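A short write-up of the structure that comes next.
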Amino acid sequence: MFLDFENLQTCLKDAILLDYYVSGFLWAKGMDFSVIQCSKFMTLLDMLLHNLKTLHMSLEDNIKWLGKVMAEIGPNHSQKIDEWNTFDVKQANAIIDYLKLSIFQHYKLYEFMFSSAREEIVIGTEQVIEIVNPTGGLFPRPLEEGISFDIYSKFIEPPPTLDKEMKGLDQEQGHEESQPETDTLDMDPLAGFTIEDVKSVLAQVTDDILTGVQTEINEKLQIQEEAFNARIEKLKKASVQGD
């Protein structure tokens with residue numbers, strides 16, 4: 001028996017049949033069947049589906065056919081050699097119970113699967129891919145981390161030409177000539193003052209700031225004092241009127 005399943009990921013019918021055979025095989029292994037017994041049992045599963053799919057047997061006819069087959073491969077008291085008997089009574093009963101719960105219990109579903117044609121639904125998506133235009137277009141340049149250095153240096157950022165190299169050298173020389181001027185600008189502005197001069201300036205600035213802060217605090221305290229005095233006068237007048 002060869003299972004030619006090609007579309008297990010998309011075809012529901014193939015997936016159901018695979019589950020049917022795999023479940024039966026695992027059940028037979030769990031029953032400790034021998035190789036011959038497993039072969040007979042898997043052939044039995046395949047013949048039951050063949051009767052349903054090709055011969056269009058009803059559930060009753062398929063059960064009758066199963067009874068005849070089990071009588072042939074099951075225990076036969078007329079035979080004296082035990083090794084000719086494929087299954088004993090206990091195994092035959094277990095097989096019948098398994099078939100009741102597997103194919104016979106869902107017989108209508110299997111009939112529907114083989115008799116009703118399913119519509120093939122093609123699911124697809126369209127993707128629009130925009131190609132990056134050359135340098136100078138509306139698209140920003142791709143990140144250097146996303147491409148290899150060879151591609152980046154060859155197609156996106158080509159090596160500088162001779163003119164660009166000469167311009168770069170001129171810029172470097174001009175930068176070196178202008179360096180002394182920048183050095184003079186970077187001199188410390190406090191280089192001509194002593195420590196005493198700096199202390200006196202800081203003391204004067206601190207005194208000015210503290211004087212302004214002290215004045216502001218005094219004004220606020222005076223305003224609050226006047227507000228409290230007004231409230232006290234109101235309370236006195238209210239107590240006198242109450243008496």
Side-chain angles (χ1 to χ4, degrees), residues 7-12 14-16 18-19 22-23 26 118-243:
N7 301 318
L8 291 175
Q9 301 296 329
T10 57
C11 182
L12 182 61
D14 290 350
I16 292 173
L18 180 64
D19 179 75
V22 171
S23 299
L26 293 178
R118 297 179 67 250
E119 296 181 359
E120 294 185 2
I121 302 176
V122 179
I123 300 176
T125 56
E126 294 183 0
Q127 294 182 350
V128 179
I129 301 175
E130 297 182 358
I131 302 175
V132 178
N133 292 333
T135 306
L138 300 177
F139 293 92
R141 293 185 178 183
L143 296 177
E144 298 180 18
E145 294 83 356
I147 56 178
S148 62
F149 177 76
D150 296 336
I151 297 177
Y152 180 82
S153 60
K154 183 176 181 181
F155 299 102
I156 299 176
E157 192 69 23
T161 58
L162 184 60
D163 295 337
K164 292 183 179 179
E165 291 179 356
M166 294 299 294
K167 289 181 180 179
L169 292 175
D170 295 339
Q171 290 178 356
E172 290 179 359
Q173 292 177 356
H175 179 69
E176 291 177 356
E177 292 175 357
S178 62
Q179 220 171 11
E181 297 179 358
T182 57
D183 292 340
T184 57
L185 294 176
D186 293 339
M187 292 178 62
D188 189 3
L190 300 178
F193 297 92
T194 63
I195 297 176
E196 298 297 331
D197 295 337
V198 175
K199 286 183 178 180
S200 62
V201 172
L202 291 176
Q204 184 179 358
V205 173
T206 304
D207 292 338
D208 295 340
I209 294 174
L210 292 177
T211 302
V213 173
Q214 186 67 33
T215 303
E216 185 178 355
I217 292 174
N218 291 333
E219 292 177 356
K220 290 184 178 180
L221 289 175
Q222 186 177 1
I223 293 171
Q224 291 182 357
E225 184 178 358
E226 292 176 356
F228 283 126
N229 291 332
R231 291 182 182 177
I232 292 171
E233 293 295 331
K234 289 182 180 179
L235 291 175
K236 288 180 178 180
K237 290 179 181 181
S239 62
V240 170
Q241 291 177 359
D243 293 340

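Here the structure is a predicted model, which means the values were calculated and not measured.
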Could you pull out every donor-acceptor pair under 3.5 Å between side chains of residues 209-217 and any protein atom, sequence neighbours left out?
unit_1: Thr211; atom_1: OG1; unit_2: Asp207; atom_2: O; d: 2.7
unit_1: Gln214; atom_1: NE2; unit_2: Asn218; atom_2: OD1; d: 3.4
unit_1: Thr215; atom_1: OG1; unit_2: Thr211; atom_2: O; d: 2.8

Side chains of residues 221-234: which donor-acceptor partners sit under 3.5 Å, not counting sequence neighbours?
unit_1: Asn229; atom_1: ND2; unit_2: Glu225; atom_2: O; d: 3.2

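Remark: Ser23 pairs with Asp19, Tyr98 by the side-chain contact (heavy atoms from CB on, under 4.5 Å) rule, at least two apart or across chains.
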